[in-house]
Number of protein chains: 2
Amino acid sequence: ATIAMDSSSSLLYPPPGVPKKLHAENREKLLKHLRADLDSSSRPLSGFVLLQGGEEQTRYCTDHEDLFRQESYFAYLFGVREPGFYGAIDVNTGKSILFAPRLPSEYAVWMGEIKPLSHFKETYMVDIMYYTDEITEVLNNKYQGPGKPLLFLLHGLNTDSKNFSKPAAFEGIEKFETDLKTLHPILTECRVSKSKLELSVIQYANDISSEAHIEVMRKVKPEMKEYQLESIFLHHTYFYGSCRHCSYTCICATGDNSSVLHYGHAAAPNDRTLLDGDMALLDMGAEFHFYSSDITCSFPVNGKFTSNQRLIYNAVLDAHDDVISTMKPGVNWVDMHKLAEKTILQSLKKGSLLVGDVDEMMVERLGSVFMPHGLGHLMGLDTHDPGGYLKGAERPKEPGLKSLRTSRDLMEGMVITVEPGCYFIDALLVPAMESPKTSKFFNHEAITKFRGFGGVRIESDLYVTWDGCVNMTKVPRKIEDVEAVMGGAPWPVKKSVYENGGS
Amino acid sequence: ATIAMDSSSSLLYPPPGVPKKLHAENREKLLKHLRADLDSSSRPLSGFVLLQGGEEQTRYCTDHEDLFRQESYFAYLFGVREPGFYGAIDVNTGKSILFAPRLPSEYAVWMGEIKPLSHFKETYMVDIMYYTDEITEVLNNKYQGPGKPLLFLLHGLNTDSKNFSKPAAFEGIEKFETDLKTLHPILTECRVSKSKLELSVIQYANDISSEAHIEVMRKVKPEMKEYQLESIFLHHTYFYGSCRHCSYTCICATGDNSSVLHYGHAAAPNDRTLLDGDMALLDMGAEFHFYSSDITCSFPVNGKFTSNQRLIYNAVLDAHDDVISTMKPGVNWVDMHKLAEKTILQSLKKGSLLVGDVDEMMVERLGSVFMPHGLGHLMGLDTHDPGGYLKGAERPKEPGLKSLRTSRDLMEGMVITVEPGCYFIDALLVPAMESPKTSKFFNHEAITKFRGFGGVRIESDLYVTWDGCVNMTKVPRKIEDVEAVMGGAPWPVKKSVYENGGS
Ligand SMILES: [Mn+2]
Ligand SMILES: [Mn+2]
């Protein structure tokens, strides 16, 4: 049932339904781990997990409403797409309770049907529904234990943003005991390993985003604007994939811009004109039912790699492939980062850009000059999913390694990006070429020719299995495949088997 | 220089450059009015207007960065697209000063080139550039008068959101006198009448959005999803028009959803499947260089109006046309709202949906049952531009009229939307049909056939001239034109003459 739109089409339309059981399973998982934790410290199995969902925001002093996107912890447990909800789980009985906002009658005129509580009960597969103005009464009534009922609230550090999650707040909270310590690490750890249903949703986000990247590859040509590539991507993932949100602002970097790691934001807004001979680095991922994808493709905008472009591209691709073939549970992510660095340095040496002993280069952290960012990050409801640093774990301090968003050992069920890159960034290259410690490693004449080259990044989303990992990203990677697809050769992205537990 | 993308193309590509002088002219206008105001109350012509630009926001506790969009008052005066700026105008000398954030050296690696102050001075045509950490020192040094230097800060009510603008805040502000009262009404009034350059930018936003609406009309068919219409619109305005932002969340309402005035938000997310026989009501507008467009087209998704659809559509179109042919400076907007209501009621009577005396219906405010929203609103940097209620003006209290975002007399240079609508909303219709005061006006049998019809809205953006007004929106409106364009007939939207004062 594909709707042909112009010459483009999709093998992935229509998008799958949302598996309703996904969030019910997430709640069960949390309950199991929370009870185990309470048990292990001889605490009573009572009280309520209580989370507050996100609220709609207006822009500055105006009535311009930003498109609402649910807070990710709340989305994990309840999957609610509407603003203004609270959600609770009774630790004793395991029952889930959603609290919906009580909407004024004008809502029906301006915003749409006021849905009955039964609608939400069915949609979100919870046990009980109330209104948000009933939280205090309901939780007090349901509480079985002695003293004030205990609320497990969400409070903890996001190690990427350094911000803290906001614990639920509501009128009457003083009638409860609150625990701000227990929930966050347990819930975060639940999010780290993905369920089969979560994987199926992430897989669809990857499928539609992979197809959209291929669509861009087929349409790109010199004289276009970077934002036109973004627009093609967004259109494909929304029109065919129903993906209204992106995982993050699209990075559509061409020419020298491809050495700007987080290009594409408002101060560098994908507005350059593509030139014949440019490399493009496109880091774009759609979000499907709250879950992310995060994919980077790099290719020459004219469809044919030069020998210099081949050298850098293959250096990065080898690093990407080496890491993927080594990944399995127990492997440490810092080691994977170093493996990627080493592969890249070896390739640059083979390509006569560097000279000398690669192990010595590693000691001097030369890899971070070419790849200042981390090799990859956990991915899920957030592009940079939480849980990258276990309690007590310290962030490495060395150049390059300090950018890692996780230092953990891999574990079955993790979804993590593998995104090595090689960039020619004057701000890093010039000091390294001048430094007495590292100057000797550079073939100064050769490397000068790469100033202005920009960079290459190759990013795929992997999930870790019991004995290895699976690449969820389905785009052409080998140079001959990239050139063929850009020339119009078929590259079908077939829809993955989608394990739909619900609608 | 059109890039063909599939079968679609655009007569409007490439988008025009941004007229640099626009914001310099805005500053001159403010300065003139502010000085006149100070003069009239015998206050000294000294001190500084100081505004704080918007800051980048992250989502909840994560490092997910929302795409930055400048605060509109700041955009009006300075046109700055980057976050973290402050801007000042010296009331005495008239000089403009921008303060840019001092970026850390890592910015060059992650976010892009650290641009020199001279870059911003040229781009934003200001007189002097400093860093934000120099505000206190600079403004103190430049101040000529006695005592502490005076800062005119922005503080005032937005009559649509009921929120207050946030006055600039910075370290060292205690070294200044601050005036929170003078600036807001004067600056708001400056925004109410648009300059030629502002009109040219709004015209382009209208041109590209008009073309995108036509693109949607040509591609719509039963079985599509509402969000696919949104996606076509967004893609056209971004790909060909470089419009990264929308003026507001797209309303793509079909069938009964078209009676939900603000459909399309996260809790009603354009996710219905189009059925043969449906009306579509598409309210979508792109933003170009901060300035809005706001356009609604209504049409049958199968391309052919039924007689019932004709009746309602023409009732609304007549209201739209009657208002436009009456608009000129001095005409009161509440009167225009009533004119639209009356035209619609007359048409419904002619169509045998209503019976009785239309003037009596007006006394009973029957128009508000079919059109509960206001006829239109000021439009500019915000979709709902500020300044709708002059100081002291009270919002009307009657049904329908109370939804008006302005009660003002029209004035040359205003840009205002004309958006009459006629909806069959059970929540309003049922009580009115049952009420002893209004029941008699309804042909109950006839009107029952329209339950589930949804609604029709026709919205254009007008600017008021010295003796009338000009419709900036260029979409087919007459039924025969709509049907022809949906059938593939040409409807070229030619690029308006663009008075570009800058690049
Ligand atoms: Mn990534
Ligand atoms: Mn409007």
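Here is how names work: the chains are called A, B, and so on, in the same order as the sequence lines, proteins then strands, and each is numbered from 1. Just so it is clear, the model here is predicted, and its values are computed rather than measured. Hydrogens, waters and symmetry mates are skipped; everything else that's a heavy atom, side chains included, is used.
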Check this for me: does any side-chain nitrogen of one of [X] and [Y] sit under 4.0 Å from a carboxylate oxygen of the other?
{"X": "B/Arg81", "Y": "A/Asp271", "answer": "yes"}
{"X": "B/Asp66", "Y": "A/Arg59", "answer": "no"}
{"X": "A/Asp63", "Y": "B/Arg405", "answer": "yes"}

field: Selection from B/Asp160, B/Val109, B/Thr159 maximising heavy-atom pairs under 4.5 Å formed with chain A
entry: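 Heavy-atom pair counts peak at B/Val109.
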- prompt: Using a cut-off of under 4.5 Å for heavy-atom pairs, which of B/Glu82, B/Glu230, B/Glu65 has the most such pairs with chain A?
  reply: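 Heavy-atom pair counts peak at B/Glu230.
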task: Starting from the C-alpha separation in whole Å, work towards a yes-or-no answer on side chain to side chain contact (heavy atoms under 4.5 Å, CB included) for A/Trp110 and B/Ser403.
output: CA-CA 11 Å; A/Trp110 296 89; B/Ser403 301; 3.7 Å; yes
Proximity breakdown for [X] and chain A, heavy-atom pairs closer than 4.5 Å:
{"X": "B/Lys115", "result": "side chain"}
{"X": "B/Ser259", "result": "backbone"}
{"X": "B/Pro269", "result": "both"}
{"X": "B/Ser247", "result": "backbone"}
{"X": "B/His373", "result": "both"}
{"X": "B/Glu55", "result": "backbone"}
{"X": "B/Tyr238", "result": "both"}
{"X": "B/Arg69", "result": "both"}
{"X": "B/Asp382", "result": "side chain"}
{"X": "B/Cys250", "result": "backbone"}
{"X": "B/Glu106", "result": "neither"}
{"X": "B/Thr249", "result": "side chain"}

Heavy-atom cut-off 4.5 Å, strictly under: side chain, backbone, both or neither for [X] against chain B?
{"X": "A/Ser165", "value": "both"}
{"X": "A/Tyr227", "value": "both"}
{"X": "A/Phe164", "value": "backbone"}
{"X": "A/Cys243", "value": "neither"}

message: To the closest 0.5 Å, what do you measure between CG (B/Asp385) and OG1 (A/Thr62)?
response: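 Reported value, rounded in 0.5 Å steps: 10.0 Å.
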Interatomic distance, B/Cys61 atom SG to A/Lys166 atom NZ [nearest 0.5 angstrom]: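 So the gap between those two atoms works out to 11.5 Å.
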Test item: B/His235 side-chain N/O and A/Ser231 main-chain N/O as donor-acceptor pair under 3.5 Å: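 Present.
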- request: Using modelled atom types only, decide if a donor and an acceptor are shared between the side chain of A/Gln228 and the backbone of B/Phe239 within a distance under 3.5 Å.
  value: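 Yes, A/Gln228 side chain to B/Phe239 backbone: donor-acceptor pair under 3.5 Å.
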- prompt: Hey, what's the ring geometry for A/His265 with B/Tyr107, parallel, tilted or perpendicular (30° and 60° as the breaks)?
  reply: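 Geometry flag for B/Tyr107 against A/His265: perpendicular rings.
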query: Side-chain contact, heavy-atom cut-off 4.5 Å: A/Leu234 with B/Leu234?
result: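 Answer no - side chains too far apart.
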With respect to chain B, which residue among [options] yields the maximal number of heavy-atom pairs within a distance under 4.5 Å?
{"options": "A/Pro386, A/Ser72, A/Ala427, A/Pro372", "result": "A/Pro372"}
{"options": "A/Glu113, A/His384, A/His64, A/Arg244", "result": "A/Arg244"}
{"options": "A/Ser161, A/Gly54, A/Ala267, A/Gly264", "result": "A/Ser161"}

